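What you see is a predicted model, and the numbers here were worked out from it, not measured in a lab. Reminder, nothing fancy here: chain letters follow the sequence lines and each chain counts from 1.
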Amino acid sequence: MTTALPRWLYIPALLGAAFVLLPLVAMVTRVDWVAFPALVTSPSARDALWLSLRTSTASTLLCVLLGVPMATVLARTRFRGQALVRALVLLPLVLPPVVGGIALLAAFGRRGMLGATLEVLGLEIAFTTAAVVLAQAFVALPFLVVSVEGALRTAGRRYEVVAATLGAAPTTVFRRVTLPLVLPGLLSGTVLAFARSLGEFGATITFAGSLPGTTTTLPIQIYLERVTDPDAAVALSLVLVVVALIVIGTARHGRGAL
Amino acid sequence: MTTALPRWLYIPALLGAAFVLLPLVAMVTRVDWVAFPALVTSPSARDALWLSLRTSTASTLLCVLLGVPMATVLARTRFRGQALVRALVLLPLVLPPVVGGIALLAAFGRRGMLGATLEVLGLEIAFTTAAVVLAQAFVALPFLVVSVEGALRTAGRRYEVVAATLGAAPTTVFRRVTLPLVLPGLLSGTVLAFARSLGEFGATITFAGSLPGTTTTLPIQIYLERVTDPDAAVALSLVLVVVALIVIGTARHGRGAL
Amino acid sequence: MSHPAPALTYDATVADRDVEVRLEVAAGETLALLGPNGAGKSTILGVIAGLVRPSTGGVTLGERPLAGVPPHDRRIALLAQEPLLFPHLSAVDNVAFAPRARGAARRVAREQARDWLAQVGVADLAERRPHELSGGQAQRVAVARALAAEPELLLLDEPMAALDVAVAPALRQALRPVLADRTTLLVTHDVLDALLLADRVAVVEAGRVVETGTTREVLSRPRSGFAARIAGLNLVAGRWDGTAVVGELTVQGLPADEPLAPGSRAVAVFSPQSVSVFAEPPAGSPRNALPATVTELEPLGDRFRVRTVAAGVPLDAEVTAAAVAELGLAPGLAVNLIVKATEVSVHGVS
Amino acid sequence: MSHPAPALTYDATVADRDVEVRLEVAAGETLALLGPNGAGKSTILGVIAGLVRPSTGGVTLGERPLAGVPPHDRRIALLAQEPLLFPHLSAVDNVAFAPRARGAARRVAREQARDWLAQVGVADLAERRPHELSGGQAQRVAVARALAAEPELLLLDEPMAALDVAVAPALRQALRPVLADRTTLLVTHDVLDALLLADRVAVVEAGRVVETGTTREVLSRPRSGFAARIAGLNLVAGRWDGTAVVGELTVQGLPADEPLAPGSRAVAVFSPQSVSVFAEPPAGSPRNALPATVTELEPLGDRFRVRTVAAGVPLDAEVTAAAVAELGLAPGLAVNLIVKATEVSVHGVS
Amino acid sequence: AGDEDGALTVFAAASLTGPFTGLATDFEAAHGVEVRLSFGGSADLVEQVKEGAPADVIATADTATMSGLVDDGLVAAPVPFATNVVAIAVPPGNPAEVTSFGDLARPGLRLVVCAEPVPCGAATARVADELGVTLSPVSEEQSVADVLGKVVTGEADAGVVYSTDIEAAGTKVDAVAASLGPAVAEGTNTYPIAAVVRRGPAGRLAGEFVDFVAHDAAAREVLAAAGFGVA
Ligand SMILES: Nc1ncnc2c1ncn2[C@@H]1O[C@H](COP(=O)(O)OP(=O)(O)OP(=O)(O)O)[C@@H](O)[C@H]1O
Ligand SMILES: Nc1ncnc2c1ncn2[C@@H]1O[C@H](COP(=O)(O)OP(=O)(O)OP(=O)(O)O)[C@@H](O)[C@H]1O
Ligand SMILES: [Mg+2]
Ligand SMILES: [Mg+2]
């Protein structure tokens, strides 16, 4: 089934695409291709990339595990103060990441709310790799919640109702109807969360600091290189871009195959 | 129509909510309530807030004007290289904002790709409020595109097809069927874009710099204050949080009324 | 399957749709709900299935009051008016959904599903996705899916809509054994569905039950306006002897759908329009000449409904005003009712 | 409205659904598409509306080949099998959609929409949202919406499905004047729709047109298996004189839906089952006794179809095998065909 | 952190990135331990240490930031080990022809400086005060790197940063010679280094690293080569 789009629509669409693509292209033209291989394969760059991939994967997992239930509860139930809870859950989106980092320290730092409790348990979170994961998850979680909640709302409840009348218990309905139906939304939410984790900088540096191999993720490395070696910074940015493209591309491909 | 949710779902949902809310609560407990009124009504704070609101509104508008057509083209047409274009359009999500700022400089800066052209036209962007808007729009645009594209895909084309068979030209279909149907997605995309603009820091400081009243937005002000006056930083963060809550809440309310 | 079918008691109001109804369905009975568009039929099913919250009153299934019981725990399957096949599952997996939800292994569930698909005549479409099915095909898959749930109470909202005329009888036959040992509510716009599948009929108009009774009562002597428009059939019960239904009267006819075993219980159905009124039995092809006595004449616009009794069985004929005058029809007159055997459809009664 | 209705030429294949069809619909003509579920009826409409891309061939409307013309420029309205009312618009705004898309002012469009809603009998639901409508109500609003588009070509996919029996005749009447001056394709499972609304009929089976012809031909002398199952009616044309259709034969009957003006063209319709065969004209209520000559006997399972000619008009009767034997029916025999006036429905022909 | 696994974690101001990277290697060679470096804005690093970051040694770009740690008793007595002076950086070729600090006040000149709360911004303000020059920058940046970035890209006609940063940036920027004139003292920051007191007395290694940076002759040479003042 095909219907045409209004012609004029292509004008702002192209403008928008140009607006996003132009800076990326301009950046690529600045890359020093001769030095590129050396720059991106330096041990510090490799460490940072590897750390970024591991922490982003972990935080995305955390986001899915916590975010899908949150989105479902927000989309499928009504309770007092729901609007407030939803707005609060979306807050990390608006918070400058540095403020997010401050908030995380306020909660989980040594002098934070849970600091004493965590210390008794022998858990130190701040400035460890775990802190990186938490910082990334904190900023990425709203992406997942928004995507999945939107998909749940648009999909509606009709099929869930049918499944219930066929005798399927809530867990079965959730697993065999709800999740498959919102899979596109879940996938794009996951990609967004992963991408946001991969690019996370402000909250990470505030909450986790920057220790090579432990908390220095690729964006932090780029930030540091920017001072001493702008070429390396641009080269590493390109690596980040390529990784992101691969992730997004793969997810879209998987989604297409559904 | 109501169906129950699986009980166990509430456990991760609550955990997730706690994970997001705890840091926010912890931050609020750090606010010095006695000094609070003075801190948030200082001229510099008021200037920054006002600038943030103006620029975020402008950039959100820009995002809607460019992003809705982009999302529509991505969701409703097929062309070669579409997957790549979509991935590229989403890139600002993954790019650390500082890198985004570098890329924007590479494109629109004085020595950038379009620098000469812009200079001839008498347009100077760098260090102006316009640069703030561009930086915010660059990072916020993907949010809008993702939300709207997701909504378009989930809504499907069935109603658009019906509208076409009733003789509605593409523009009419778009205005009277497509947009109303994806309104929830468009609204949440708009809220996300506004929120992201409001919180934008890294790209702004890199591309637009920081001059009180012209380019010093609230997040930049918070970052500055953090060094000299942590209390003021926390107080301003709280202002940002409250503004964001109001925006999100209002939008959700409007959506509820649809 | 093995639990005995429970009885249903319905007494609920849905205020904002102005639907206020009391209904009883006995254990194992099939009740047909008839009524015009917007009368409240789907609303009643929705309340029973737990999808529409009644403003007052409630539903009891067997001993269980259903208030507060979530839909999936009600052991009630609903075939809604729209097929609503799960778009992400193939036809067979749609049908296998309920068996699997009950815990059947994937293979077993799919096998059962294939059986059901075969029963509704779409076995060859098992692997299709819903969007690759035609309207009628989707409707049939939806019927199979509801039946495969094997619930204690089955709610069917116009199961025959969108079906072509060639399939409807086959589907009716597939439904009969399923409905026989199961408490069922069947919404339909088709008298034949009511006649062949239901034990009793309730007519709903504007949110109220305006008539209930056994299918025979309601269809042969409708009291409500709506039932009168669609029914008013002659029904003669007895046993099938190979060419005729033999009871208080003997009526020749033709088995409607299935071959009938001689000696089995059957009912002969024919419309008043097909009944000719003669003073004397004529010679000709009509196989049925039934002596009767006129009891009443009822004007119906430009026609008359002639109510008679033949060997104690009430039979109606519909004739023009001119015929009434010509034959001098009046209560008490002895007449011969002539009905062609090809106009009489004979249905097995279980 | 004002453009003259164009003719439709359809010659297209949809390979992956195995639908390969040639059809012609003359300007202003209404063609009924009959056929079993999954035959390809909706597919044909989809190709015409521009929603399904044919693998080969195409569609021409009037002088315009439609290949490459987007749906909204075809001036074709499609009422699909599902109502698909715009969920964000009220019933009246759904119907007003097409007038507004054509440029009518909001107020004017809504007024027109209210008229259309009244014509399909749901004027009082104008302000309801689609989710607040019952199945049949939604279907009627969808019909009104398609009609309000006032296209050059109207495609109706089972417009009567989900409608209660009391409404269907009224809707049929509302449709008649609309279809009269408009080229139309009508998919239906109901012979009566075909008979009353269509000029010609095409029967589709398994993706092929197996039979086309005027409605009368196909319904009275069906050659395809599917048509035979649902049709085989007797049709006698003439002019209505107040009690009978007078033409080559005079057949008394009752106007089906609307009052008929005496002198207007009409057709009397009755089924072969309702025709009794007598050796001599009997005395009784039947108003029609038509002398005829048997031309052929056709076995139909346990029945026979007796083909006859009465005053040049072919008429069929369906009788049991026993009756054939008893009356000694054979080609060439002169008989009297008896039909009750109440069994004859008379329809105006425009 | 550090001591348990035989590694030493050093937090140092971003401007120290070049020399400290070399010093760490030397120290590793001499002591057979791993030195892990974490660079950042001085204020950021101080904040992190306050929050419990696992630093053994911290070196900041001015004494004001370090004093926060001293007040909280988180570091042993800081040792000043180098000085740095702000200087004017211009894009290669000096297109705006800036020759003195006074030129920075020229109308139309796009000047970028550090914001006052940042050490280099404080130094810049002191210099302007001393020279009686009223600066009207187009941007007050959060860090030296941001200032430098705008000069390197040519967005700004001039920026005030540390002379070591101009040195490190090589050919990407030019320095304006003798730009501070009589206000050199005001434009100079003293860099302190201190061992962090971490649950008990500062580790032996941390003390040795502080000693090494502040007093080892080779180390002093490395710092001097990077453009730092070593007394
Ligand atoms: N969600 C709703 N909100 C308000 N009124 C509704 C809603 N759904 C249905 N109605 C109204 O309630 C009445 C009963 O609707 P219901 O769907 O039960 O009718 P029905 O008997 O099933 O009709 P049909 O034969 O057309 O399917 C109708 O007047 C309808 O318009
Ligand atoms: N999207 C599709 N992809 C593949 N096959 C399809 C698709 N849609 C329909 N079909 C098949 O094409 C054939 C024709 O379908 P179509 O919908 O035209 O039937 P129909 O005559 O309208 O039937 P019904 O009376 O059930 O509505 C059917 O066998 C159907 O299964
Ligand atoms: Mg209904
Ligand atoms: Mg169809």
Side-chain angles (χ1 to χ4, degrees), chain B residues 1-3 64 68-69 71-80 82 147-191 251-258, chain D residues 1 45-53 66 69-90 93-104 106 109 113 116 129-131 141-157 185:
Chain B
M1 297 208 284
T2 49
T3 46
V64 170
V68 171
T72 310
V73 170
L74 284 174
R76 291 287 190 260
T77 64
R78 288 200 195 161
F79 52 88
R80 277 170 68 96
Q82 184 170 32
S147 302
V148 176
E149 196 197 340
L152 281 167
R153 285 190 181 276
T154 321
R157 321 193 56 157
R158 311 191 317 161
Y159 294 106
E160 294 171 8
V161 167
V162 171
T165 64
L166 291 171
T171 301
T172 311
V173 175
F174 183 70
R175 199 170 48 82
R176 295 209 51 220
V177 177
T178 311
L179 282 186
L181 279 179
V182 299
L183 203 57
L186 174 57
L187 268 179
S188 60
T190 307
V191 169
R252 292 282 164 174
H253 188 77
R255 167 179 167 173
L258 287 171
Chain D
M1 288 218 81
L45 298 201
V47 170
I48 299 173
L51 310 180
V52 174
R53 197 184 301 274
L66 294 183
V69 179
H72 70 95
D73 272 343
R74 297 191 168 202
R75 298 200 282 279
I76 293 174
L78 168 66
L79 170 70
Q81 217 163 346
E82 283 176 275
L84 287 178
L85 298 179
F86 301 124
H88 58 291
L89 297 180
S90 64
D93 284 334
N94 262 282
V95 180
F97 185 88
R100 290 206 61 198
R102 274 198 319 272
R106 186 195 194 81
W116 283 114
R129 283 298 175 88
H131 73 265
V141 175
V143 170
R145 182 175 64 172
L147 297 181
E150 303 197 337
E152 294 184 3
L153 177 66
L154 189 58
L155 307 174
L156 301 173
D157 204 341
L185 256 96

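Under the 3.5 Å distance criterion, the side-chain polar atoms of D:N94 are matched with a main-chain donor or acceptor of D:S90.
Annotation: cation-pi pair D:R102/D:F97 absent, no NZ/CZ under 6.0 Å from the ring centroid and within 45° of its normal.
For D:L84, the parts sitting under 4.5 Å from any heavy atom of chain B are the backbone and the side chain alike. At a 4.5 Å heavy-atom cutoff, the contact between D:L89 and chain B is made by side-chain atoms alone.
Chosen from D:A77, D:P87, D:P151, D:A80, the residue pairing most often with chain B at heavy-atom distances under 4.5 Å is D:P87.
Using a 4.5 Å heavy-atom cutoff, the side chains of D:P71 and D:I76 are not in contact.
Using a 4.0 Å cut-off between charged side-chain N and carboxylate O, B:R76 and B:E160 make a salt bridge.
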